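Step one of this worksheet: look at the structure below.
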2 protein chains.
Amino acid sequence: MNDMQRSLYLPRFLPYRLTKLSGMISRNLAAKYSTMFDLTIAEWRIVALLGSNPGLTAREIAPLASLDKVSISRAVERLVKSGRLEKRKLDGDRRSAALYLTEAGTSTLAEIIPLAQRYEDQLLAEFTPEENEQLDHFLNRLDAMADTLK
Amino acid sequence: MNDMQRSLYLPRFLPYRLTKLSGMISRNLAAKYSTMFDLTIAEWRIVALLGSNPGLTAREIAPLASLDKVSISRAVERLVKSGRLEKRKLDGDRRSAALYLTEAGTSTLAEIIPLAQRYEDQLLAEFTPEENEQLDHFLNRLDAMADTLK
DNA sequence: AAAAAGTAGTTTCATTTGAAACTTTAATCC
DNA sequence: GGATTAAAGTTTCAAATGAAACTACTTTTT
């Protein structure tokens, strides 16, 4: 007889678990970034990226930060207003601007990195180096697979 | 000399990776549920829960589905309107209602479960049973740790 | 047993989000 | 080289979200 599955146990359903986990983590971090630095997650990602890749344009940031261009436009606007980012229109293409952290932006980043790092370390505190590597590997594979599945 | 970290590599930052991964997966599933059944993720979760736990109230659903009461209220309203859910006010407490799938709701669930299961199977297609178990274990630990961290 | 405090679920309202339209500039076509 | 198509970012608008206020009830207190 055909053993059709008649129910699905939500707490073990991978998409649910991942959404719940990433939601908890994001809320934690968003609260930290917001209260301590008045930064959104999108802004934090952009600042982090520009820290190691100064001069990126909005278009280049999009895939690296997994943000759409509307979010980037708004985050950049806020970062410029708060004095942490500078737009330089010297790309050879006057539609886009190269983005750079200001002094203030650089110092914000320098303050956040240890906090972000510490949070990640706490999450992984009970993982051995081997487990950590295993997790890393699993996430890469899931990412690639999710990317494949339409 | 104090070796402060001056940059953070976003693609390897666990919170970013989890958000990205769960975002991809949720968008995939949301698109499926929405086009095939006109269901949101919240509605799907509620239907899935009621499939195995008929008679839950909104309050009881909240922690099980990781949904807030506003989302539940709205999802339940839509599910009742679409004829998939029934509210029975016989709790002894006239503020709350026990929720039950209708015939239509049950049959929707029966249609979705194989799709959801198949999607999960595809995500994990290249994981051996041992790896699958390892992943499961990792997610549980991360979940517990994230719960701990404020 | 009336008043006060608490709970379940809904509604309101202000904010966030993202798709689509738009503006400006650049590249390609004839 | 003028016309067409495309690209980078911005703005607009409508829908999704969620905190706070609200309604209807229930429990606790005195």
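Residue numbers start from 1 in every chain, and the chains themselves are labelled A, B, ... in the order their sequence lines are given, proteins ahead of strands. Source: prediction; values computed, not measured.
Interface residues of residues 19-47 of chain B facing DNA chain D, ordered by number: none; criterion, heavy-atom separation under 4.0 Å. Taking every heavy atom of residues 92-100 of chain B and every atom of DNA chain D, pairs under 4.0 Å involve B:G92, B:D93, B:R94, B:R95, by number.
Counting only distance, with no hydrogens or angles, the side chain of B:R45 and the backbone of A:L10 share no donor-acceptor pair below 3.5 Å. No donor-acceptor pair closer than 3.5 Å links the side chain of A:R78 to the backbone N or O of A:L39.
Evaluation of the side chain to side chain contact (heavy atoms under 4.5 Å, CB included) rule for B:A42 yields B:T40, B:L67, B:A75 as partners, not counting sequence neighbours.
Residues B:Y100 and B:L79 do not share a hydrophobic cluster, defined by chaining ILVMFWY side chains whose heavy atoms lie under 4.5 Å apart.
When heavy atoms are screened at a 4.0 angstrom cut-off, B:K89 is found touching no nucleic acid atom at all.
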Table of protein N/O atoms under 3.5 Å from nucleotides 16-20 of chain C N/O atoms:
| unit_1 | atom_1 | unit_2 | atom_2 | d |
| --- | --- | --- | --- | --- |
| C:dG18 | N7 | A:R74 | NH2 | 2.4 |
| C:dG18 | O6 | A:R74 | NH1 | 3.4 |
| C:dG18 | O6 | A:R74 | NH2 | 3.4 |

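Remark: C1' of D:dG9 and CG of A:L67 are 14 Å apart, rounded to the nearest angstrom. Rounded to whole Å, atom C1' of C:dT10 lies 15 Å from atom CD1 of B:I61. In this structure, CD of B:E77 is placed 14 Å from C1' of C:dT12, rounded to the nearest angstrom.
Phosphate contact (OP1/OP2 of D:dG9, side-chain N/O of A:S73, threshold under 4.0 Å): absent.
B:R84 and B:T102 form no side-chain donor-acceptor contact under 3.5 Å, judged by distance and modelled atom types alone.
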For this session: Begin from the C-alpha positions of B:L64 and B:L49 and carry the test side chain to side chain contact (heavy atoms under 4.5 Å, CB included) through to its verdict.
Result: CA-CA 8 Å; B:L64 299 174; B:L49 275 174; 3.7 Å; yes

For this session: Determine, stepwise, if the pair A:F138 / B:Q134 fulfils side chain to side chain contact (heavy atoms under 4.5 Å, CB included).
Result: CA-CA 9 Å; A:F138 288 171; B:Q134 188 99 354; 3.7 Å; yes

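Taking a cutoff of 4.0 Å between a charged side-chain nitrogen and a carboxylate oxygen, B:E86 and B:R88 qualify as a salt bridge.
Ring planes of A:W44 and B:F13: perpendicular class, angle over 60° (limits at 30 and 60°).
Evaluation of the side-chain hydrogen bond (donor to acceptor under 3.5 Å, both in side chains) test over residues 58-76 of chain B, restricted to residues two or more places apart or in two chains, returns A:Y16-B:S66, B:T57-B:E60, B:D68-B:S71. Here side-chain hydrogen bond (donor to acceptor under 3.5 Å, both in side chains) pairs that include residues 114-124 of chain A, with residues two or more places apart or in two chains, are A:N28-A:Y119.
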